[in-house]
Peer 1: 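Supplied in structure tokens, the structure appears directly below.
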Amino acid sequence: MEVSPYGLESLWAQGDFVTKGVAVLLLAMSIASWYVIVTKALQLLRFRRASDAAGHAFWDTTSLPEGVATLGTDNPFAEVAKAGVTSMSHHTAHKGHLHDQLSVSDWVTLSLRQAIDEASGKLQTGMAVLASVGSTAPFVGLFGTVWGIYHALVSIGTSGQASIDKVAGPVGEALIMTALGLAVAIPATFGYNALVRGNKTTIAKLNKFGFDLHALFVTGARSATEDTETGTTKSAKLTAVGRA
């Protein structure tokens, strides 16, 4: 089978070490960005299930251990709930030492806020890779294009021939690098924007969950919520019993 003189194979075969280096770099950037996109998307889907449990199943239990179990493991909602339970136990055990400095409300607030901040930091893991790829990949491809066109012009000047068949191949191969740069950058940019929106939604739900936990630990019951179907207010089953 005859190899096209204008394809990627020809570009690789005729390119020098700079052209091949740019192509390998773009390939590595593409693999890294898609790895982050896929893993973070799966992570957000897992966290969405945990957020659904934090909004409903958790509050339909009658004890904190049972409620925490409904959240599953390896998700920020479970970590925030565990941080709240730990803070209450710590404050109770050291009440004689902490009471003069921090009330139970302040102590629980600090503990929950720290857990939410840690979860927010974990959500941002890998986002810098997508931002870097999305912003630099087009310029990396453009560098490969400029380099290829430069060598094509040098070759044309050396041979003294500037016919269309002599120019089309080298210039077309050089422009492929720009297309490769855009092919790497566009998914990274779209993935970054989608994941940022997903992270913001998760963080907002974490803050709401933390607020409800604070109300539970301090007042003994979750703040009343409105039933979107009936328009009436209701309270969760998990009340002061869960504090014991």
Side-chain angles (χ1 to χ4, degrees), residues 33-89 105 107-131 187-243:
S33 62
W34 276 109
Y35 173 80
V36 172
I37 290 172
V38 172
T39 55
K40 297 295 289 186
L42 294 176
Q43 182 187 64
L44 284 177
L45 289 176
R46 187 172 71 252
F47 290 173
R48 179 175 296 180
R49 290 193 291 268
S51 69
D52 292 339
H56 301 285
F58 178 84
W59 302 104
D60 289 335
T61 60
T62 56
S63 67
L64 278 174
E66 182 183 352
V68 173
T70 63
L71 300 175
T73 58
D74 192 25
N75 69 76
F77 294 90
E79 296 301 323
V80 170
K82 291 176 183 177
V85 174
T86 302
S87 67
M88 284 295 296
S89 301
S105 177
W107 180 252
V108 171
T109 298
L110 290 173
S111 299
L112 292 176
R113 175 49 55 192
Q114 182 180 13
I116 292 174
D117 289 343
E118 290 179 356
S120 300
K122 292 179 180 179
L123 284 173
Q124 300 303 319
T125 303
M127 299 302 292
V129 173
L130 294 182
T189 302
F190 277 106
Y192 176 84
N193 292 332
L195 291 174
V196 165
R197 289 194 297 270
N199 287 344
K200 287 182 177 179
T201 301
T202 301
I203 293 172
K205 292 181 178 179
L206 273 175
N207 285 320
K208 177 62 169 62
F209 183 57
F211 174 81
D212 289 337
L213 282 177
H214 180 270
L216 173 68
F217 292 134
V218 175
T219 68
R222 180 194 185 189
S223 58
T225 57
E226 182 175 340
D227 192 330
T228 56
E229 295 181 357
T230 64
T232 59
T233 58
K234 61 180 182 178
S235 298
K237 295 179 181 179
L238 186 60
T239 58
V241 176
R243 300 176 64 194

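We're numbering straight along the sequence, starting at 1.
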Peer 1: Calculate, to the nearest 0.5 Å, the distance between atoms OG1 and CZ belonging to T202 and R46 respectively.
Peer 2: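 With rounding to 0.5 Å, OG1 (T202) is 11.0 Å from CZ (R46).
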Peer 1: Among L64, V80, L213, which residue meets the side-chain contact (heavy atoms from CB on, under 4.5 Å) test with V85?
Peer 2: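 Per the side-chain contact (heavy atoms from CB on, under 4.5 Å) rule, the option paired with V85 is L64, out of L64, V80, L213.
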Peer 1: Distance from D117 atom CG to L112 atom CG, nearest 0.5 Å?
Peer 2: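 The CG atom of L112 is 11.0 Å from CG of D117, to the nearest 0.5 Å.
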Peer 1: Can you tell me how far NZ of K122 sits from CD of Q43, rounded to the nearest 0.5 angstrom?
Peer 2: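 So the gap between those two atoms works out to 9.5 Å.
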Peer 1: Would you call R113 and N207 a side-chain contact if the rule is heavy atoms closer than 4.5 Å?
Peer 2: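 SC-SC contact between R113 and N207 confirmed.
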Peer 1: Of all the heavy-atom pairs spanning L216 and W59, show the shortest one and how long it is.
Peer 2: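 So the minimum-distance heavy-atom pair works out to CD2-CZ3, 3.9 Å.
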Peer 1: So does R48 pair up with D52, basic N to acidic O under 4.0 Å?
Peer 2: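 Looking at R48 and D52, the cut-off is not met.
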Peer 1: With heavy-atom distances below 4.5 Å as the criterion, would you say the side chains of L44 and N199 are in contact?
Peer 2: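 Heavy-atom side-chain distance check passes, below 4.5 Å.
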Peer 1: Does the ring center of F209 lie less than 6.0 Å from the ring center of F58?
Peer 2: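 Between F209 and F58, the centre distance is under 6.0 Å.
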Peer 1: So do K40 and L130 actually touch side chain to side chain, heavy atoms under 4.5 Å?
Peer 2: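 No, their side chains stay 4.5 Å or more apart.
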Peer 1: Mind checking whether F47 and K205 have side chains closer than 4.5 Å, heavy atoms only?
Peer 2: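 F47 vs K205: side chains apart.
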Peer 1: Do any side-chain atoms of residues 188-196 form donor-acceptor pairs under 3.5 angstrom with protein atoms, and if so which ones, sequence neighbours left out?
Peer 2:
| residue | atom | partner | partner atom | Å |
| --- | --- | --- | --- | --- |
| T189 | OG1 | A185 | O | 3.0 |
| N193 | ND2 | T189 | O | 3.3 |

Peer 1: When rounded to the nearest 0.5 angstrom, what is the spacing between OG in S51 and NE2 in H56?
Peer 2: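 The NE2 atom of H56 is 8.5 Å from OG of S51, to the nearest 0.5 Å.
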Peer 1: How long is the straight-line distance from CD of E66 back to CG of D60, given to the nearest 0.5 Å?
Peer 2: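 Going from the CG atom of D60 to the CD atom of E66 covers 10.0 Å.
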Peer 1: Which atom names give the shortest non-hydrogen contact between L71 and A81, and what distance separates them?
Peer 2: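 What the structure gives for the nearest pair is CD1-CB, 3.8 Å.
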